[in-house]
Protein chains: 2
Amino acid sequence: MSEQSSDGSSDFCPRFHHAIELIGKRWTGAVLRALLRGPRRFNELLGAIPDLSDRLLAERLRELEGEEIVSRHVDPGPPVRVAYELTASGKELETALTCVGQWAERWVAPPKRKRTA
Amino acid sequence: MSEQSSDGSSDFCPRFHHAIELIGKRWTGAVLRALLRGPRRFNELLGAIPDLSDRLLAERLRELEGEEIVSRHVDPGPPVRVAYELTASGKELETALTCVGQWAERWVAPPKRKRTA
DNA sequence: CGGGATCCGAAAGGATACTG
DNA sequence: CAGTATCCTTTCGGATCCCG
């Protein structure tokens with residue numbers, strides 16, 4: 001009675017909550033966005049995302065591996081090279097991330113540059 | 001050269017980053033989702049979202065007001081009633097949030113109940 | 001190169017009490 | 001009802017050092 005959720009949907013959805021807080025976590029969204037464009041190596045991601053530290057990148061990457069959104073591929077050469085790429089579920093995030101990106105271009109796009117920096 | 005971003009898009013987008021970390025912040029996604037279904041009063045939101053404290057709800061709501069995604073309406077009665085609702089930009093988040101929700105239903109949906117605990 | 005382990009200050013978040 | 005203020009615990013995140 002007090003709630004009008006009688007239409008079938010509810011105000012709160014655990015799965016949605018898990019998903020949004022997963023991809024919205026500190027640097028995760030940026031990492032996922034970079035990976036949407038193809039596999040990337042650790043240092044490529046590090047270089048592509050401003051202010052992201054190596055420790056945090058490793059941490060986020062491990063979390064994403066745990067959620068099976070990202071997979072890790074090791075190329076043993078003398079110089080070890082590790083590439084990260086989206087799994088099937090990760091790739092399916094593209095639609096959602098693109099929607100967020102479109103909204104961002106329309107609404108947060110404003111010249112909010114923090115100077116020339 | 002070293003990057004194949006010559007196709008026009010780049011690995012990092014400040015606006016996207018701002019947006020994803022905004023809506024993905026701790027409880028923000030859940031609050032927005034609840035508000036998509038119509039205006040809600042403070043305590044309604046508080047009751048709808050498990051484990052969310054009043055302090056945090058107030059904080060998130062103020063952040064969203066600052067971003068002009070949510071607007072506040074005060075109904076002065078003897079019992080003060082405050083309702084929150086999405087602004088134009090907030091309503092346009094529906095598409096993005098719905099996409100996230102659809103992904104969640106397919107991938108995180110699994111009966112990941114934390115048991116009876 | 002691609003991380004893991006540790007240390008420590010900063011920030012987020014919960015609990016409680018109080019106010020209009 | 002709808003918050004605010006304070007306290008105090010937990011987590012986050014940066015710096016540094018080390019390893020395969």
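Everything numeric here is computed off the predicted structure, so don't read it as measured data. Protein chains get the first letters and strands the later ones, always in sequence-line order, with residue 1 at the start of each.
Atom pair A/Leu61:CG and C/dC1:P shows a separation of 17 Å (rounding to whole Å applied). B/His73 has its NE2 atom 14 Å from the P atom of D/dA2, to the nearest Å. Distance, B/Arg60 CZ to C/dA11 C1': 11 Å, rounded to whole Å. As rounded to whole Å, 12 Å separates atom C1' of C/dG2 from atom CD of A/Glu65. The interatomic distance linking A/Phe42 (CZ) with D/dG20 (C1') rounds to 15 Å, in whole Å. With rounding to whole Å, B/Arg81 atom CZ is found 15 Å from D/dG3 atom C1'. Rounding to whole angstrom units, CG of residue B/Leu46 and P of C/dG14 are separated by 11 Å. If you measure from atom CG of B/Leu57 to atom C1' of C/dA15, you get 16 Å, rounded to the nearest angstrom.
Checking each of A/Val82, A/Leu46, A/Leu35, A/Val31 against A/Arg40 for a side-chain contact (heavy atoms from CB on, under 4.5 Å) leaves exactly one that passes, namely A/Leu35.
A distance of 5.5 Å separates CZ of B/Arg33 from OG of A/Ser10, quoted to the nearest 0.5 Å. In this structure, CD in A/Glu92 is found 11.0 Å from CG in A/Leu86, a value given to the nearest 0.5 Å.
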Can you give me the N/O atom pairs linking the protein to nucleotides 14-18 of chain D at distances under 3.5 Å, or say none if there are none?
{"residue": "D/dG14", "atom": "OP2", "partner": "A/Ser53", "partner atom": "OG", "Å": "3.2"}
{"residue": "D/dG14", "atom": "N7", "partner": "A/Arg55", "partner atom": "NE", "Å": "3.1"}
{"residue": "D/dG14", "atom": "N7", "partner": "A/Arg55", "partner atom": "NH2", "Å": "3.4"}
{"residue": "D/dG14", "atom": "O6", "partner": "A/Arg55", "partner atom": "NE", "Å": "3.4"}

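Residue B/Tyr84 places at least one side-chain N or O under 4.0 Å from the OP1 or OP2 atom of D/dG3. Side-chain nitrogen and oxygen atoms of B/Arg62 include at least one within less than 4.0 Å of the OP1 or OP2 phosphate oxygen of D/dT4.
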Salt bridge (Lys or Arg N to Asp or Glu O under 4.0 Å) for B/Glu85 and B/Arg72? Distances and angles first, verdict last.
CA-CA 7 Å; B/Glu85 76 174 311; B/Arg72 209 179 96 127; over 6 Å; no
Could you go through A/Asp11 and B/Arg37, starting from their C-alpha distance and side-chain angles, then the distance that decides it, and tell me whether this counts as salt bridge (Lys or Arg N to Asp or Glu O under 4.0 Å)?
CA-CA 7 Å; A/Asp11 279 1; B/Arg37 303 162 44 59; 2.8 Å; yes
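Under a 4.0 Å N-O distance rule, the pair B/Arg60/B/Glu63 qualifies as a salt bridge.
Under the 4.5 Å side-chain criterion, counting only non-hydrogen atoms from C-beta, B/Val108 is in contact with B/Trp103. With contacts defined as side-chain heavy-atom distances shorter than 4.5 Å, the pair B/Phe42/B/Leu61 qualifies.
Closest to the A/Ala58 side chain, of the nucleotides C/dG13, C/dG4, D/dA2, is C/dG4.
Bending across the helix from C/dC1-D/dG20 to C/dG20-D/dC1, expressed as the angle between its end axes from five pairs apiece, amounts to 50° (10° rounding).
Taking the centre and axis of the six-membered ring of A/Tyr84, the NZ or CZ atom of A/Arg41 falls outside the cone set by 45° and 6.0 Å.
Taking the nucleotide of DNA chain C with the nearest heavy atom to each of A/Arg72 and B/Val80, the more 5' of the two is matched to A/Arg72.
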